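This structure is a prediction, so every number in the text was calculated from the model and none was measured.
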Amino acid sequence: MTDAVVPRADDFDEIAALLALAFHSDLNPELQTVERPIFEPERSLLVRDAGTAVAHAAAFSRDLTVPGATVPAAHVTMVAVAPTHRRRGLLSGLMRRQLREVRDARHEPVAVLWASEGRIYPRFGYGSAAQRLILSADTTGLRLPAPTAAEGTLRLDRPAAHRDELARLYERARADRPGWSRRDERWWAYVLADVTSRRQGATERRVLRHDGPEGIDGYALYRTKEEWVGEVPRGEVRVDEVVAVTPEAYLALWRLLLSVDLTRRLSFPIAAVDEPLLRLVDEPRQLAPQLVDGLWVRVVDVPAALAARRWATDVDVVIEVTDELLPENTGRWRLVGGPGGAECAATTAPAGLACDVRALGELYLGGTTPAALAGTGRVRELVPHTLRTVSPAFTWHRAPAPMENF
């Protein structure tokens with residue numbers, strides 16, 4: 001067995017075969033064609049045994065919206081170990097080396113990922129930072145507020161025909177939603193690719209766009225699946241994403257999605273925890289929301305990360321951080337910041353709070369507070385009343401939310 005090496009672009013098919021093995025799927029040439037352009041071989045680590053790929057980890061180079069700002073973030077992905085090579089420390093070795101390269105070579109203050117299992121990544125310092133709701137709605141009889149004169153027009157089309165307009169609107173909305181990642185042309189091609197194997201018996205994906213007085217101000221990507229029980233229609237609307245910058249657009253999009261003819265169900269697996277739909281429908285219980293994890297954050301450079309985001313209220317606190325994998329983060333850090341900016345530097349002053357780097361990851365996008373994590377024991381109050389005074393600063397006016405699974 002060899003140490004991890006940086007693969008070549010030509011090694012993509014071999015890596016895809018390892019991922020298919022680890023995630024219990026067949027190789028899909030159509031999917032490989034879609035994924036190949038976003039693969040960054042220079043950010044990948046590959047382990048071979050007797051010439052066969054047995055472990056791999058990679059990252060995408062993308063910007064991430066955080067409270068009040070955008071930061072470069074390593075989007076960790078394509079992590080797999082062959083069943084024959086588990087429990088040999090390969091994953092730990094890849095994760096440790098990757099974190100070191102993210103910090104020293106890429107100078108990215110944070111790394112983010114979607115976890116196949118929640119138990120895996122906390123041991124590498126990742127914290128659950130942006131939860132999501134899975135909506136599985138019974139749309140029968142579900143009501144929304146009546147239309148208003150201010151609502152614009154809706155139209156349906158194939159998404160590719162509107163890519164540039166969707167991209168501009170997404171960027172406009174992304175600035176205000178922690179947890180969303182920037183999409184360049186390669187990523188828009190990936191997001192809009194409609195791979196047949198992913199339809200699971202449903203139709204091709206459609207875009208529903210809403211135009212207000214100044215042009216497009218909302219869109220939804222969705223598909224439908226036919227189903228009949230005897231002579232009774234029981235079709236399903238499967239929503240991939242909804243982006244809107246006005247309440248009128250948001251309401252109009254959902255009014256159509258919840259009332260498509262011959263459907264009685266709707267699924268939406270990436271709803272935000274503060275999704276307005278929950279407060280618009282007349283019977284929110286019919287949405288059957290299920291809270292699950294979404295985006296996990298790893299703070300790689302503590303002072304750089306804390307200085308990069310904005311803070312909901314003025315804050316001046318010393319935090320004592322422990323980080324077993326990146327010892328440079330271990331120490332006391334004084335954070336002074338507010339809505340207009342922040343600074344963070346090492347200090348010898350007494351700490352008001354203490355936590356591990358995983359807790360910082362959970363706090364980073366504003367989805368929870370130090371006071372909430374104190375109940376888990378991962379944040380400790382060293383000076384009385386510090387939790388009460390600083391916790392409001394860690395929040396944000398919008399909850400963090402994941403968008404696409406990378």
Side-chain angles (χ1 to χ4, degrees), residues 114-116 118 128-147 154 156 159 166 169-170 173-174 176-181 191 194 198-210 218-227 229 233-296 365 367-368 398-406:
W114 286 72
S116 55
S128 178
Q131 294 179 300
R132 62 190 169 103
L133 294 175
I134 298 175
L135 303 185
S136 302
D138 174 1
T139 59
T140 308
L142 208 56
R143 295 284 186 270
L144 286 168
L154 291 169
L156 280 168
L166 302 186
L169 184 67
Y170 174 85
R174 183 176 74 86
D176 200 39
R177 179 63 88 172
W180 287 13
S181 301
V191 168
D194 196 8
R198 288 185 169 177
R199 296 181 185 176
Q200 298 179 323
T203 64
E204 65 177 335
R205 186 188 289 130
R206 301 179 174 93
V207 62
L208 173 66
R209 61 173 285 171
H210 182 274
Y219 73 84
L221 299 177
Y222 79 101
R223 63 181 86 243
T224 56
K225 185 176 187 300
E226 178 189 37
E227 183 178 342
V229 178
R234 290 281 299 171
E236 180 184 9
V237 176
R238 297 179 178 176
V239 181
D240 291 330
E241 65 182 56
V242 176
V243 176
V245 295
T246 66
E248 292 80 13
Y250 183 89
L251 184 57
L253 292 169
W254 278 111
R255 184 178 293 109
L256 188 146
L257 293 170
L258 290 169
S259 62
V260 175
D261 286 345
L262 306 182
T263 68
R264 300 294 184 269
R265 296 171 295 138
L266 178 142
S267 60
F268 184 37
I270 55 164
V273 296
D274 62 350
E275 197 71 49
L277 184 64
L278 296 167
R279 300 183 181 276
L280 285 170
V281 295
D282 61 344
E283 183 47 89
R285 296 177 186 178
Q286 285 186 222
L287 298 177
Q290 177 188 357
L291 182 66
V292 296
D293 63 291
L295 202 63
W296 294 68
L365 296 181
T368 189
R398 297 197 76 184
M403 180 50 86
E404 79 271 3
N405 191 327
F406 52 84

Subject >> Nearest atoms (heavy-atom pairs only) where Gln131 meets Val273 >> reply: O-CG1, 3.8 Å

Original post:
Do Val239 and Leu135 come within less than 4.5 Å of each other through their side chains, counting heavy atoms only?
Top reply: no

Original post:
Can you tell me how far CZ of Arg132 sits from CG of Asn405, rounded to the nearest 0.5 angstrom?
Top reply: 7.5 Å

Original post:
Distance from Arg255 atom CZ to Arg143 atom CZ, nearest 0.5 Å?
Top reply: 11.5 Å

Original post:
Are the side chains of Leu156 and Leu256 in touch, meaning some heavy atoms are under 4.5 Å apart?
Top reply: no

Subject >> Atom of Leu253, atom of Ala244 and distance for their closest heavy-atom approach >> reply: CD1-CB, 4.4 Å

**OP:** Look only at the side chain of Arg265 and the backbone of Ser136, and say whether a donor-acceptor pair between them is shorter than 3.5 Å.
**Re:** no

Original post:
What's the verdict on salt bridge (charged side-chain N to carboxylate O under 4.0 Å, His left out) for Lys225 and Glu227, showing C-alpha distance, side-chain angles and the deciding distance?
Top reply: CA-CA 7 Å; Lys225 185 176 187 300; Glu227 183 178 342; 5.3 Å; no

Original post:
If you take all heavy atoms of Met403 and Val243, which pair is closest and at what distance?
Top reply: CE-CG2, 4.0 Å

Subject >> Thr139 side, atom OG1; Glu236 side, atom CD - distance, nearest 0.5 Å >> reply: 9.5 Å

Original post:
Does a side-chain heavy-atom distance below 4.5 Å link Arg205 with Asp240?
Top reply: yes

Subject >> Residue from Tyr219, Tyr222, Tyr170 passing side chain to side chain donor-acceptor pair (under 3.5 Å) with Glu241 >> reply: Tyr219

Original post:
If only atom types and distance count, is the side chain of Gln290 paired as donor or acceptor with the main-chain N or O of Ile134 below 3.5 Å?
Top reply: no

Original post:
Out of curiosity, Thr140 OG1 to Arg264 CZ, how far, rounded to the nearest 0.5 Å?
Top reply: 6.0 Å

Original post:
Which atoms form the tightest heavy-atom contact between Arg199 and Arg238, and what is the distance?
Top reply: O-NH1, 3.3 Å

**OP:** Start with the C-alpha gap between Asp282 and Leu142, add the side-chain angles, then the distance that decides, and say whether side-chain contact (heavy atoms from CB on, under 4.5 Å) holds.
**Re:** CA-CA 7 Å; Asp282 61 344; Leu142 208 56; 3.7 Å; yes

Original post:
Is there a donor-acceptor contact under 3.5 Å from the side chain of Arg177 to the main chain of Ala399?
Top reply: yes

Original post:
When rounded to the nearest 0.5 angstrom, what distance separates OG1 in Thr224 from CG in Leu266?
Top reply: 11.0 Å

Subject >> Nearest heavy atoms of Pro289 and Pro284, plus distance in Å >> reply: CD-O, 4.1 Å

Subject >> Candidate pair Leu144 and Leu277, rule side-chain contact (heavy atoms from CB on, under 4.5 Å), full reasoning >> reply: CA-CA 9 Å; Leu144 286 168; Leu277 184 64; 4.1 Å; yes

Original post:
Once you round to the nearest 0.5 Å, how far does CD of Glu275 lie from CG of Leu287?
Top reply: 9.5 Å

**OP:** Would you mind reporting whether Pro400 and Leu295 have side-chain heavy atoms less than 4.5 Å apart?
**Re:** no

**OP:** Any chance you could lay out the side-chain contact (heavy atoms from CB on, under 4.5 Å) test for Phe268 and Leu257, step after step, and finish with the verdict?
**Re:** CA-CA 11 Å; Phe268 184 37; Leu257 293 170; over 6 Å; no

Subject >> Least distance between heavy atoms, Pro233 atom then Leu262 atom >> reply: CB-O, 3.6 Å

